[in-house]
Amino acid sequence: AFILVLSVFNGFEELLLSLFSNFNPEIKITPQKGKTFAEDTISLEELMEIEGITHISKTIEETAFFEYKDNRAFGTIKGVDDNFKYVNSIDSTIRDGGYVLSLGAESYAVLGLGMRSKLRVDIEDDFTVLNVYMPIQKRVSPLSTELPFRKQFLNPIGVFSFQQDFDNKYIITNLAFCQKLLNKPNQIGALELKLAPDADVNAIKKTIKKLIGD
């Protein structure tokens, strides 16, 4: 019985690790102060020269308000580059539709299963867009005709599901869309790193700190 219990818990641990690894990178570089930093602050070429690092993804995220037809909900919009799927294997968690973030001038949304349910999004409906609202971080006079938020739209194309906390919170799109929505051109919130299976995580962290500081 004791061996059986240990085996079950070991199985749960492996399952939880596999679930969280689909969204949480092995190493994440974020700014000490503020939410973002300039893309050219850190040389990706120098980071990629560190033994054990296999992929690097630039990301940015922020709380936003979403509207689809008559349904509304708050959530987190996350903009990612093309390397994100290699760092987090997010494309392997797609339950409906596909994993496409942009195509030409069009921007697409891949929603967590919970966010899809809240907004009642039909990804088969090619004629209804997902509206995204972002508050403007400045005071707007009551007499001003300027809206207190920025509004853009996304075309829903896919649904991912792997862990309820993330499914209920996140909508993923391309990095450029989020930078424009936040009015933060060439700014990112984090660098997310994928490591080789046999990589020494602590040694890599120390090397990174020597390269970029605290």
Side-chain angles (χ1 to χ4, degrees), residues 8-9 11-28 30 35 55 57-103 106-135 149-182 188-190 192-194:
V8 169
F9 275 101
F12 278 133
E13 180 184 19
E14 291 180 2
L15 174 62
L16 288 172
L17 286 172
S18 66
L19 289 173
F20 280 97
S21 67
N22 284 326
F23 209 78
N24 288 318
E26 291 160 293
I27 294 179
K28 188 173 183 178
T30 57
K35 293 184 177 181
H55 294 94
S57 175
K58 295 181 285 187
T59 68
I60 190 170
E61 63 182 70
E62 186 58 88
T63 301
F65 184 71
F66 302 95
E67 180 184 50
Y68 185 84
K69 295 183 179 178
D70 295 327
N71 307 296
R72 301 171 182 85
F74 282 98
T76 299
I77 188 164
K78 181 161 184 166
V80 304
D81 65 9
D82 292 338
N83 285 331
F84 187 72
K85 62 183 178 182
Y86 302 116
V87 172
N88 301 79
S89 303
I90 187 71
D91 54 338
S92 68
T93 69
I94 299 299
R95 297 293 177 264
D96 199 2
Y99 181 79
V100 179
L101 303 181
S102 62
L103 192 62
E106 298 292 326
S107 291
Y108 294 91
V110 181
L111 301 89
L113 183 61
M115 287 299 293
R116 179 198 194 179
S117 298
K118 291 177 188 178
L119 294 165
R120 298 182 181 179
V121 172
D122 179 6
I123 62 171
E124 301 296 332
D125 182 353
D126 296 330
F127 300 100
T128 305
V129 298
L130 174 66
N131 292 311
V132 186
Y133 298 88
M134 181 62 58
F149 54 82
R150 296 186 193 89
K151 177 184 176 182
Q152 293 190 55
F153 70 87
L154 292 166
N155 299 291
I157 199 169
V159 179
F160 68 84
S161 178
F162 55 84
Q163 207 279 334
Q164 190 174 15
D165 289 344
F166 297 113
D167 295 353
N168 289 336
K169 178 180 178 182
Y170 278 95
I171 292 178
I172 299 173
T173 187
N174 63 81
L175 180 64
F177 177 91
C178 273
Q179 289 173 329
K180 183 178 179 181
L181 180 69
L182 293 167
I188 57 174
E192 304 190 18
L193 280 57
K194 174 72 174 178

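Bear in mind the structure is a predicted one, so any value in this text is a computation, not a measurement.
- Every residue was checked against the salt bridge (Lys or Arg N to Asp or Glu O under 4.0 Å) condition with Asp82, not counting sequence neighbours, and none meets it.
- Of all non-hydrogen atoms in Phe66 and Met115, the two that sit nearest each other are CD1-CE, 3.8 Å.
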For this session: List the steps, then state whether salt bridge (Lys or Arg N to Asp or Glu O under 4.0 Å) holds for Arg116 with Asp96.
Result: CA-CA 11 Å; Arg116 179 198 194 179; Asp96 199 2; 3.1 Å; yes
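- Asn88 places no side-chain N or O within 3.5 Å of a backbone atom of Ile90 that could act as its donor or acceptor partner.
- No donor-acceptor contact under 3.5 angstrom links the side chains of Thr76 and Glu61, judged on distance only.
- In this structure, Arg150 CZ and Met134 CE are separated by 8.5 Å, a value rounded to the nearest 0.5 Å.
- For the side chain to side chain contact (heavy atoms under 4.5 Å, CB included) with Leu130, the qualifying choice from Ile171, Asn71, Asn155 is Ile171, the only one to do so.
- Annotation: side chain of Tyr68 is in contact with side chain of Pro156 (closest heavy-atom distance under 4.5 Å).
- Atom NZ of residue Lys169 and atom CD of residue Gln164 lie 13.5 Å apart, to the nearest 0.5 angstrom.
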For this session: Could you walk me through whether Phe149 and Val132 pass the side chain to side chain contact (heavy atoms under 4.5 Å, CB included) test, one step at a time?
Result: CA-CA 10 Å; Phe149 54 82; Val132 186; over 6 Å; no
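- The pair Asp167-Arg95 does not count as a salt bridge, with every side-chain nitrogen at least 4.0 angstrom from each carboxylate oxygen.
- For the atom pair NZ (Lys85) and OG1 (Thr93), the distance works out to 13.0 Å, reported to the nearest 0.5 Å.
- Leu111 contributes atom CG, which lies 11.0 Å from atom NZ of Lys118 (distance to the nearest 0.5 angstrom).
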For this session: Go through Thr173 and Cys178 one step at a time and tell me if the side chain to side chain contact (heavy atoms under 4.5 Å, CB included) criterion holds.
Result: CA-CA 8 Å; Thr173 187; Cys178 273; 3.9 Å; yes
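- Judged by distance alone, the side chain of Ser92 and the main-chain N or O of Ser89 form a donor-acceptor pair under 3.5 Å.
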For this session: Go through Val159 and Val110 one step at a time and tell me if the side chain to side chain contact (heavy atoms under 4.5 Å, CB included) criterion holds.
Result: CA-CA 5 Å; Val159 179; Val110 181; over 6 Å; no
For this session: Could you walk me through whether Leu154 and Ile77 pass side chain to side chain contact (heavy atoms under 4.5 Å, CB included), step by step?
Result: CA-CA 11 Å; Leu154 292 166; Ile77 188 164; 4.1 Å; yes
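- Between Tyr133 and the options Gln152, Arg72, Glu67, a side-chain hydrogen bond (donor to acceptor under 3.5 Å, both in side chains) holds for only Glu67.
- Closest approach of Lys28 to Ala190, counting heavy atoms only: CE-CB, 3.7 Å.
- Nearest heavy atoms, Ala73 versus Leu119: N-CD2, 3.7 Å.
- With values rounded to the nearest 0.5 angstrom, Lys58 atom NZ is found 11.5 Å from Ile60 atom CD1.
- Contact annotation: the side chain of Leu101 approaches that of Val80 to within less than 4.5 Å [non-hydrogen atoms, C-beta and beyond].
- The CD1 atom of Ile172 sits 6.0 Å away from atom OH of Tyr99, with the distance rounded to the nearest 0.5 Å.
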For this session: Could you check Ser57 against Glu192 for side-chain hydrogen bond (donor to acceptor under 3.5 Å, both in side chains), going step by step and ending with a plain yes or no?
Result: CA-CA 5 Å; Ser57 175; Glu192 304 190 18; 5.9 Å; no
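- A heavy-atom distance below 4.5 Å is found between the side chains of Glu62 and Lys35.
- Looking at residues two or more places apart in sequence or on another chain, you find a ring pair (Phe, Tyr, Trp, His ring centres under 6.0 Å) between Phe160 and Phe162.
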